Each structure stands twice: as structure tokens, then as C-alpha cells.
Protein chains: 2
Amino acid sequence: MARQVTSICCDAGGAFVTAFEYDDAMAKPKTHDEALRLRLLHRAAATVFDRGTAALSLRQLAADVKTSTTAVYSLFGNKAGLLSSLYQEAVHLFVERLATVHPTDDPAGDVIRIGLAYREYAVANPHLYAILFSDRSVQCSSESDRPREVVETYRPLIDAVSRGQRAGQFSSESAPEVIALSVWGMAHGLVSLVLSGNEPPELAVADCYERALRALVAGWREGEERASGVADAM
Amino acid sequence: MARQVTSICCDAGGAFVTAFEYDDAMAKPKTHDEALRLRLLHRAAATVFDRGTAALSLRQLAADVKTSTTAVYSLFGNKAGLLSSLYQEAVHLFVERLATVHPTDDPAGDVIRIGLAYREYAVANPHLYAILFSDRSVQCSSESDRPREVVETYRPLIDAVSRGQRAGQFSSESAPEVIALSVWGMAHGLVSLVLSGNEPPELAVADCYERALRALVAGWREGEERASGVADAM
DNA sequence: GAGCAATCAAAACACTGTTACGGTGTGTCG
DNA sequence: CGACACACCGTAACAGTGTTTTGATTGCTC
């Protein structure tokens, strides 16, 4: 449960804590420093991680970390800023997880494995996943930064598809981005259905997930996409 | 914009308004009646429809309809109950929309058309769609009712797949529910990516959507799903 | 007409995010 | 060396929220 969360604390490393203690002719030494920032982030992640963003109260958060709400405002601007920072961390962990799928000489298999890793991360970290993809309250990172982050997360998938095309495993009639997007969409869709409680009853999505991915990959094989034209049956 | 919303007001029909005005030896005549219930639902739908559930304030809602917040509590229990009723309506509209895709003698084509209708509803009614599938704040309908509603929404898809299997357009090795789920997942995933602002830059999902669906359908053709085994390329 | 009880608007409560205020403590300057 | 200045930051105030309680109103029943 708290496994992933602790990694948030470790990621940025608490090294240069006393970096800009004073910038001009100043007064009190800062206690709203990088170390406190990480403690807040850590604690907020834990709460969001198992009760969602709505359950995160700045007052409670500040009390837990034994500071005041002012700290959140001086370090993150406001609640949205705090969640935005969490968003960044969630992206970071997500990218890291997907990067553990190393390319092999079977690109189509890599695509499947990336899809499985996608699901594994989401199921293991449902609230961080929610921050990434569903929570409307996270405005995050000035709108224009987001696409770049998004493309970063699914770059490995595009690469795998490209290699698959060169290896003849995928049709070259469509751009690799298009094929990758379809895989991304299916993974995201099936995962989202489960996490939002909308998975159909009496049907374990987990069992169908890989088969669905394989069917999609099969459908993008050379020459297949033309054959699926409308007038086909009887 | 307000087109779909007004239909919410008309759906239940304000017929038996004076049904149970008095049940025992009572006092004041009720003003928190079915008509008021519909007015509240209508107004709430309008707000949620274009500003989301978070922007819905019960005080403001009551003021708009010229009643008090007590009305919401006596008619819906609480805010969650109100949103739950909205959820029911959103499901209803969604099912209605998907039902407009009539079966033809090309079941595979029907599957594609259902997928397109899915997307069309979501894009036209983003906030109702959000209530259905993403908004965590909607606990809705006692948990146990939901699966039945869900299955209702994607029953037409299962039927189309079943017919496709009999027509030889889909492999019969997988249950129709599995194939339908994959289509449902892809549609939901691609739509969700767009609505949550996570669509990849420089790539119009709208343009890829139908192609992705067609690839998936192609991948479920007879004998295809076995061929996508791991060791395939060089 | 008196009693009574259901009804419902308004006020109270406990919470939220956010902003304004002031005591605190440190460095600089006279 | 003391007084000033000023950034810092905990506290309290503000404007909201959903929800619960209160208490006047109202119209049937006896």
C-alpha cells in the first residue's frame, strides 16, 4: 500500500535542503523548506493514494505534518498546486514503470507487455492513476506542459510499434502513432472501466485483458485493415 | 446545449403529481412534490452539464428553483442522492442513444456504428458522460444496481457480436461478452483520453477512432486470435 | 374551535479552501 | 550595542460548502 508512496519521498532526494535559506538581507530562517515540501507531498500522496483527492484536507494535512496551512500556500500556491505536484510524481512513477519493459526482438510482444504493465501500475496505484487520468480537480501544469508529459508516457509504445512495422508485424499503412493510440486507448479503457466500478458483472476483465490486446495487435497486421470493410458478410 | 437537459424534464412526465399528498391524518399540503423534484433535477442537470458536479451547490440550486435546501434532502436524501438520480437519467439517455443503432445484416458494421454512437454521445454530453464513468463523487444506486444498468447499456453490443459470430464475422472461440468488452473498452478509452485532456498532441483522435475500431474488429475474425502468439517475427 | 402533527424555510453546525493579520525572530544599520 | 526593518509563518477571520436541527406555519381531525 504505502510502498509506492515512500518512493515519492525518495525521488527528489533531500540533498540541498539549506540551499536558499536567505536570498537578500533577510530575517527569520525558513522552515518552509524543501524538506517540509517533501514531507507534505509524501503525506498528501498517502492520503490521496487511499482515499482520493476529495478526502485531502489542507488543514488535516498540515496538522499531520505538524505545520500550518500557510506552508502549503507558500510551497505549492494552493491545493491545485499541491495536486499538480502529485500529478508530476504520478507521471514520473508511471513512466518509470513503463520503462521497465525493455525492447526485445519481438516488438508485437513488447506492445502486449507494455499494455500489461500499464494495467499493473493502474491496479496497484488506483488513486495515482486517477490523478493522471480522471480527476477533474487536477488542473495541473499550465495546460501546455501536459501533452509533452503524455507523449513521454507513451513514447515506448510508439517505438515498439515502429519496430514492429519494420519487422512486418504491423501494417505500415497507418502511422505508428495511430496504432499506438489504439492500444493505449484500449488499455486505458479497460482499466478505467474496472477502476470506476463499471466493469460488466460476471466477467473478469483481468482475464480478457490480454486476449483483447492480442486481438487488437492481430487486427493491425499487414493488409488487415482494408479487409474489414463494411460489406463482408452474407 | 440545453437540448438533452430538457429531455430529462420530460422523461418521467409530471402526471400523478397529487398522488400521495396525505398518507395519514396530516397537516400542510406538500410542496416538495414530484413537480419540484423534476424542476430540481432539470436545473441540476443543466449546471452539471456545463460546469461539472463540483460546481453544483445545493444552496444555489435551491435558490434557482426558489425553494430551500430542505427540498433536496426530502426529495433526494442528500447531494449524492441527487447525483445518483442524475446518473440514472444519464444512463437512460445513453441507452436510448445506443438503441438508435438498429441491427442490420452486417453485424460487424453494427459494432462499428455502435462504437461511433458511443463516441458521439460522449462528445455531445461530456458532463453526463463524466457522471456515468469518471466522477468518483457519484456513489450512486446502492452499488448492486449498477452492474445491471451497465449490462443494459452494452447489451446491444453483445447482441451485435453474437450475430457476427453466427455470420462468421467474429471468431467463436471467445465468448461474445469478451469481444464486446474489448470494443467497449477501446471506445471508452479513446473517448476518455480526449475528454480528460490526455489525448496525444498533434494527433486527432477523432480521425483514428473509426480506424482503430475497424482494426480491433478485424483482429477478432475467425482464427486470428491464435496467430498472434508471441514468437512471430524474426 | 382546540389540538396536533406533518411540512418546510431558516438558522446552526462542522467542515472546506483561501486570505489577512501580527507576533516573532534574525540580520543590518546607525 | 541597541533600534530598526523586514521576511517568515502560526493564528484567526472570511466566504463558501453539505448536512442537521429548530421552530413557526398550516390545515386536517376530533
Side-chain angles (χ1 to χ4, degrees), chain A residues 17-37 39-41 43-44 47-48 51-86 135-140, chain B residues 17-37 39-41 43-44 47-48 51-86 135-140:
Chain A
V17 172
T18 58
F20 10 69
E21 289 242 322
Y22 304 98
D23 31 350
D24 246 338
M26 288 223 180
K28 273 173 98 167
K30 301 183 83 156
T31 65
H32 292 179
D33 53 11
E34 186 68 16
L36 179 60
R37 203 187 100 94
R39 277 196 294 147
L40 283 169
L41 213 49
R43 193 72 188 74
T47 301
V48 169
R51 292 194 292 135
T53 60
L56 179 69
S57 156
L58 296 192
R59 279 181 172 84
Q60 189 61 54
L61 173 63
D64 288 346
V65 181
K66 283 173 178 47
T67 179
S68 65
T69 60
T70 311
V72 176
Y73 286 89
S74 89
L75 288 170
F76 299 97
N78 52 20
K79 183 174 183 178
L82 172 62
L83 292 178
S84 174
S85 293
L86 272 180
D135 232 306
R136 272 297 206 289
S137 54
V138 185
Q139 302 291 15
C140 76
Chain B
V17 171
T18 58
F20 10 67
E21 288 239 322
Y22 304 98
D23 31 349
D24 247 338
M26 288 220 180
K28 275 173 96 165
K30 301 185 83 154
T31 65
H32 292 179
D33 53 11
E34 187 67 18
L36 179 59
R37 202 188 100 94
R39 275 196 295 149
L40 283 169
L41 213 48
R43 193 70 190 79
T47 302
V48 169
R51 291 193 292 136
T53 61
L56 179 70
S57 155
L58 296 192
R59 280 181 171 81
Q60 189 60 53
L61 172 64
D64 288 347
V65 182
K66 282 171 179 49
T67 179
S68 64
T69 59
T70 310
V72 176
Y73 286 88
S74 90
L75 288 169
F76 299 97
N78 52 20
K79 184 174 183 178
L82 173 62
L83 292 178
S84 174
S85 293
L86 272 180
D135 230 305
R136 271 297 202 289
S137 54
V138 184
Q139 301 292 15
C140 78

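Model, not experiment: these values are computed from the prediction. Proteins get letters first, then strands, A, B, ... in listed order; numbering begins at 1 in each.
Without hydrogens or angle criteria, A:K79 side chain to A:L56 main chain gives a donor-acceptor distance under 3.5 Å.
Between B:F76 atom CZ and D:dG18 atom P the separation is 14 Å, expressed in whole Å.
Side-chain atoms of B:L58 lie closest to D:dG18 of the nucleotides D:dG18, D:dG10, D:dT20. Closest to the A:T70 side chain, of the nucleotides D:dT19, D:dG10, C:dG17, is D:dG10. Distances were taken from every side-chain heavy atom of B:T31 (C-beta onward) to each of C:dC8, C:dT19, D:dT19; the shortest belongs to C:dC8. Of all nucleotides listed (D:dT17, C:dT18, D:dC9), D:dT17 comes nearest to the side chain of B:R59.
Note on B:H32: every side-chain N or O is 4.0 Å or more away from OP1 and OP2 of C:dA6. OP1 or OP2 of D:dG10 sits under 4.0 Å from a side-chain N or O of A:T67. Listed pair B:S57 / D:dG16 fails the phosphate criterion, with no side-chain N or O lying under 4.0 Å from OP1 or OP2.
Separating the CG atom in A:L82 from the CG atom in A:L41 is a distance of 6.5 Å, to the nearest 0.5 Å. A distance of 8.5 Å separates CG of B:N78 from CG of B:L58, quoted to the nearest 0.5 Å. For the atom pair CZ of B:R43 and CD of B:Q60, the computed distance is 8.0 Å after rounding to the nearest 0.5 Å.
Counting distance only, with no hydrogens placed and no angle test, the side-chain atoms of B:S68 and the base atoms of C:dA10 include no donor-acceptor pair under 3.5 Å.
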